[in-house]
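Lettering of chains follows the sequences in order, A, B, ..., and the numbering in each one begins at 1.
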There are 4 protein chains.
Amino acid sequence: MTTTKSRRLPRAVRERQMLDAAVAVFAEHGYHAASMDEIAERAGISKPMVYAYLGTKEELFVACINRESELLMTAVAEEIVGEMEPDERLWRGLRAFLGFVAAHRDAWIVLYRQARSQGVPFASEVEASRTRVVDAVAALLGGAAERMEPGPVKGDLAAMATALVGAGEALADWIADHPDADPEAAAARLMNLVWLGFGTLLTGARWTPPAA
Amino acid sequence: MTTTKSRRLPRAVRERQMLDAAVAVFAEHGYHAASMDEIAERAGISKPMVYAYLGTKEELFVACINRESELLMTAVAEEIVGEMEPDERLWRGLRAFLGFVAAHRDAWIVLYRQARSQGVPFASEVEASRTRVVDAVAALLGGAAERMEPGPVKGDLAAMATALVGAGEALADWIADHPDADPEAAAARLMNLVWLGFGTLLTGARWTPPAA
Amino acid sequence: MTTTKSRRLPRAVRERQMLDAAVAVFAEHGYHAASMDEIAERAGISKPMVYAYLGTKEELFVACINRESELLMTAVAEEIVGEMEPDERLWRGLRAFLGFVAAHRDAWIVLYRQARSQGVPFASEVEASRTRVVDAVAALLGGAAERMEPGPVKGDLAAMATALVGAGEALADWIADHPDADPEAAAARLMNLVWLGFGTLLTGARWTPPAA
Amino acid sequence: MTTTKSRRLPRAVRERQMLDAAVAVFAEHGYHAASMDEIAERAGISKPMVYAYLGTKEELFVACINRESELLMTAVAEEIVGEMEPDERLWRGLRAFLGFVAAHRDAWIVLYRQARSQGVPFASEVEASRTRVVDAVAALLGGAAERMEPGPVKGDLAAMATALVGAGEALADWIADHPDADPEAAAARLMNLVWLGFGTLLTGARWTPPAA
DNA sequence: GATGAATGAGGATTCATTCAT
DNA sequence: CATGAATGAATCCTCATTCAT
């Protein structure tokens with residue numbers, strides 16, 4: 001008989017199991033409602049091991065955030081290396097992002113819905129990453145704008161990047177709740193909406209509010 | 001004798017005090033970390049009263065959500081009554097929305113960050129409202145599209161509305177964290193980004209992914 | 001039927017019950033080995049009440065120390081008010097001290113054996129009181145020494161006071177372990193030893209308490 | 001090849017390392033707060049080894065007590081062998097005792113503060129040794145008393161010995177907390193106090209150590 | 001109506017102790 | 001001989017919720 005399930009596993013393996021279980025439980029119940037008991041049980045291990053390897057609940061949550069955050073960032077970064085046009089870069093990043101979310105729904109839920117709703121300890125961890133993304137997008141938009149006059153004023157870029165990232169997140173969140181959704185199609189739609197808009201702005205066109 | 005500091009307040013007033021306190025505490029600590037003790041104390045009332053008036057913690061949270069949600073919806077609805085062009089309607093709604101958030105930051109935090117991150121019981125409450133908004137926006141976009149051929153296909157509208165609403169929420173969330181932000185300017189920027197994009201789409205233009 | 005045991009007691013009463021129970025349990029098992037469960041049970045109350053009224057285990061322990069410490073100090077202080085000869089003051093204080101210990105053995109055990117053996121948080125609380133006592137004794141000895149030349153040098157007083165207090169504590173500790181011991185006799189013996197000295201005692205000299 | 005850092009040490013050496021570590025940790029944190037983990041780590045050895053060599057935590061603590069207790073007893077005993085006057089014997093024993101404490105502060109803390117504050121299992125171990133010391137002192141005093149009439153009555157001796165030992169312990173404890181203290185001076189002061197008495201000291205009398 | 005008093009239930013955390021390798 | 005891996009059993013503490021007055 002081949003022992004498919006051996007006890008006494010090396011630390012690295014156990015840590016992965018625990019993080020997997022933790023991400024699943026945090027995604028399902030949220031940080032506070034998640035219990036260390038359930039995490040340990042789902043990891044097929046006793047509670048003290050969780051504490052021994054990953055520390056307190058808070059540290060465990062941070063470890064989850066860091067791992068998933070890094071995976072997400074890497075997945076996107078790999079897709080946008082090298083020289084390319086701004087729109088292509090945006091498109092590729094977006095596609096990689098939504099693709100990752102579709103493939104790791106729990107990770108997204110933990111990162112987006114859970115981490116951000118907890119107080120300072122965690123929210124800031126994630127918010128920092130998010131800010132970097134917004135900045136990168138703003139830089140990307142800025143790079144595109146430089147070529148053409150008259151472009152959007154600097155001040156607008158931050159807000160637009162925020163809005164653009166928010167739109168992406170909303171699609172991601174929608175994808176996380178709809179397993180059958182097609183991330184590539186969603187990415188294309190967002191590109192259509194946003195790039196045509198941004199491109200038009202680059203021509204100097206402006207939308208102005210109707211007289212009140 | 002005029003009671004300068006009356007005890008026996010009418011029920012409606014008491015309930016308002018409690019809900020105000022609850023919204024503040026939920027916004028500050030999140031649903032789970034919020035304690036009924038603190039809510040009662042901040043409302044200047046004893047705990048059993050809270051239970052007598054508004055029921056369990058869960059019910060209290062739902063009451064908060066419902067009240068704030070309704071206030072938000074009403075604030076927006078009031079601004080978009082009557083006949084008007086699609087872009088004006090969008091603009092007005094957006095401006096009312098962001099204005100409300102700027103004026104009621106705690107409400108937004110409870111509705112957006114807290115309610116959505118809790119499990120099924122509450123998330124669905126809010127998600128329902130949100131879906132109605134997305135549908136309304138989709139209808140608005142659809143209405144605009146009908147007049148011009150060739151417009152975006154039906155299927156795209158839902159995704160675009162989702163993205164648009166997400167962009168609005170991201171700006172709202174940003175405003176909630178930046179008391180000095182100008183909601184009207186943010187609304188204008190989003191209109192620029194999104195309406196010019198959408199308008200361009202209506203002309204039949206399309207953004208297509210570069211050949212892989 | 002007269003209800004000898006009513007529930008729903010006023011706060012002050014419950015606090016006393018809890019402190020009594022806590023002192024007993026701390027005396028029996030020591031700080032660490034004592035469990036809040038047992039304290040609550042012995043106080044005839046549920047654990048959350050203990051936390052509500054007296055705070056954490058640490059705070060509870062401090063509260064015990066403070067209460068018993070104050071009772072002890074008061075008992076001694078009451079006996080040594082007014083003008084009197086140094087040896088009479090010492091004798092009276094000693095007698096009151098050992099009498100208190102005989103009457104409150106648990107209190108002594110908590111103050112002397114438990115509090116002093118715990119780390120900084122508590123040891124220092126008690127050590128401060130103890131230092132005040134040692135200083136007072138040193139002052140008393142110093143006062144007596146001033147009248148006569150050549151007396152012990154200043155530097156010696158601190159050490160002697162320390163030794164004297166230690167001797168008193170050892171007797172107290174012995175009394176705490178021997179319920180039948182006579183505190184007054186023990187006090188008299190210590191006075192003899194310390195005021196006259198063993199070598200002097202061998203000559204047949206005796207110290208006798210002043211007529212009360 | 002000469003192993004500069006040998007692993008396989010003889011059992012006796014290992015046990016010494018462990019006991020040293022244990023004494024240090026018990027002195028620092030107290031019996032309960034001390035963790036086997038820290039002891040093992042400070043001994044530079046894995047936990048199972050500690051269990052294999054010295055048994056459970058309780059047994060380990062007893063082993064510490066026994067070793068240090070024996071060292072202390074031996075140090076004192078060596079100083080008081082042979083014929084000598086009672087006061088010289090007392091003086092020498094006292095000096096050896098305080099000298100040992102000054103040189104082994106951790107040992108004293110474990111023996112005096114920790115062992116005595118734990119429940120029956122350990123307190124009795126130490127109490128037995130202590131009783132032997134008190135008895136020896138009582139015998140010493142009794143021996144001195146026999147030569148001269150009228151001396152202190154029998155009953156008094158036990159109490160006086162207890163007090164005397166307590167005074168010595170108090171000085172020892174003070175020394176343990178004051179590394180710069182001079183144990184020999186402290187011993188001399190205690191001899192003065194106890195052998196001559198404070199009242200007698202006031203007359204200018206002094207006890208002086210016999211020429212070494 | 002209003003509240004101080006009271007608790008059942010559950011969650012995080014730690015630790016002494018023991019296998020399996 | 002030696003140790004990393006593993007856990008059962010407590011313990012502290014908190015909180016939503018309800019009585020009795």
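- Counting only heavy atoms from C-beta outward, the side chains of C:Val23 and C:His104 never approach each other to under 4.5 Å.
- The residue among B:His32 and D:Arg11 whose nearest nucleotide of DNA chain F lies closer to the 5′ end is D:Arg11.
- In this structure, CE on A:Met18 lies 4.0 Å from CD1 on A:Ile45, to the nearest 0.5 angstrom.
- Comparing A:Thr56 and B:Ala52 by the nucleotide of DNA chain E that holds the closest heavy atom to each, the one mapping nearer the 5' end is B:Ala52.
- B:Gln114 CD to A:Gln118 CD: the interatomic distance, rounded to the nearest 0.5 Å, is 7.0 Å.
- The separation between A:Asp37 atom CG and F:dG8 atom C1' is 13 Å, rounded to whole Å.
- Base pairing of E:dA20: its partner is F:dT3, meeting the Watson-Crick or G-U wobble criterion (both donor-acceptor distances under 3.5 Å).
- Contact annotation: C:Arg8 side-chain N/O to E:dA6 OP1/OP2 distance is not under 4.0 Å.
- Atom C1' of nucleotide E:dC19 and atom CG of A:Leu9 are separated by 15 Å, given to the nearest angstrom.
- Environment of CD in C:Glu70: sparse, with no more than 12 heavy atoms of neighbouring residues, nucleotides or ligands closer than 6.0 Å.
- Around CZ of D:Arg16, the count of heavy atoms belonging to other residues, nucleotides or ligands within 6.0 Å does not exceed 12.
- Computed from coordinates, the D:Glu15 CD to F:dA2 P distance equals 12 Å when rounded to whole Å.
- Contact annotation: A:Tyr53 side-chain N/O to F:dA5 OP1/OP2 distance is under 4.0 Å.
- For C:Leu54 and F:dC12, the CG to P distance is 15 Å, given to the nearest whole Å.
- DNA chain E is contacted by both D:Gly55 and C:Gly44; C:Gly44 maps to the nucleotide lying nearer its 5′ end (nearest heavy atom per residue).
- If you check F:dC15, F:dG4, F:dC19 against the side chain of C:Pro48, the one that comes closest is F:dC15.
- The CD1-C1' distance, from C:Ile39 to F:dC13, rounds to 13 Å in whole Å.
- Side-chain N/O atoms of C:Lys57 and base N/O atoms of F:dT11 include no donor-acceptor pair closer than 3.5 Å.
- Nearest nucleotide to the side chain of A:Ser35, out of F:dA5, F:dA2, E:dG11: E:dG11.
- The side chain of A:Tyr51 contributes no N or O atom lying less than 4.0 Å from OP1 or OP2 of E:dT14.
- Distance NZ (B:Lys47) to C1' (F:dT18): 10 Å, rounded to an integer number of Å.
- Checking the phosphate oxygens (OP1, OP2) of F:dA6, a side-chain nitrogen or oxygen of A:Arg14 falls inside 4.0 Å.
- B:Ala34 comes within 4.0 angstrom of the backbone, heavy atoms only, and of no base.
- Taking the side chain as every heavy atom from C-beta outward, A:Glu125 and A:Val62 approach each other to under 4.5 Å.
- Rounded to a whole Å, the CE atom of C:Met36 is 12 Å from the C1' atom of F:dT14.
- Summarising the geometry, the separation between CD on B:Glu38 and C1' on F:dA16 is reported as 15 Å, rounded to the nearest angstrom.
- Across the interface with DNA chain F, nearest-nucleotide mapping of D:Ile45 and A:Met49 shows D:Ile45 to be the residue nearer the 5′ end.
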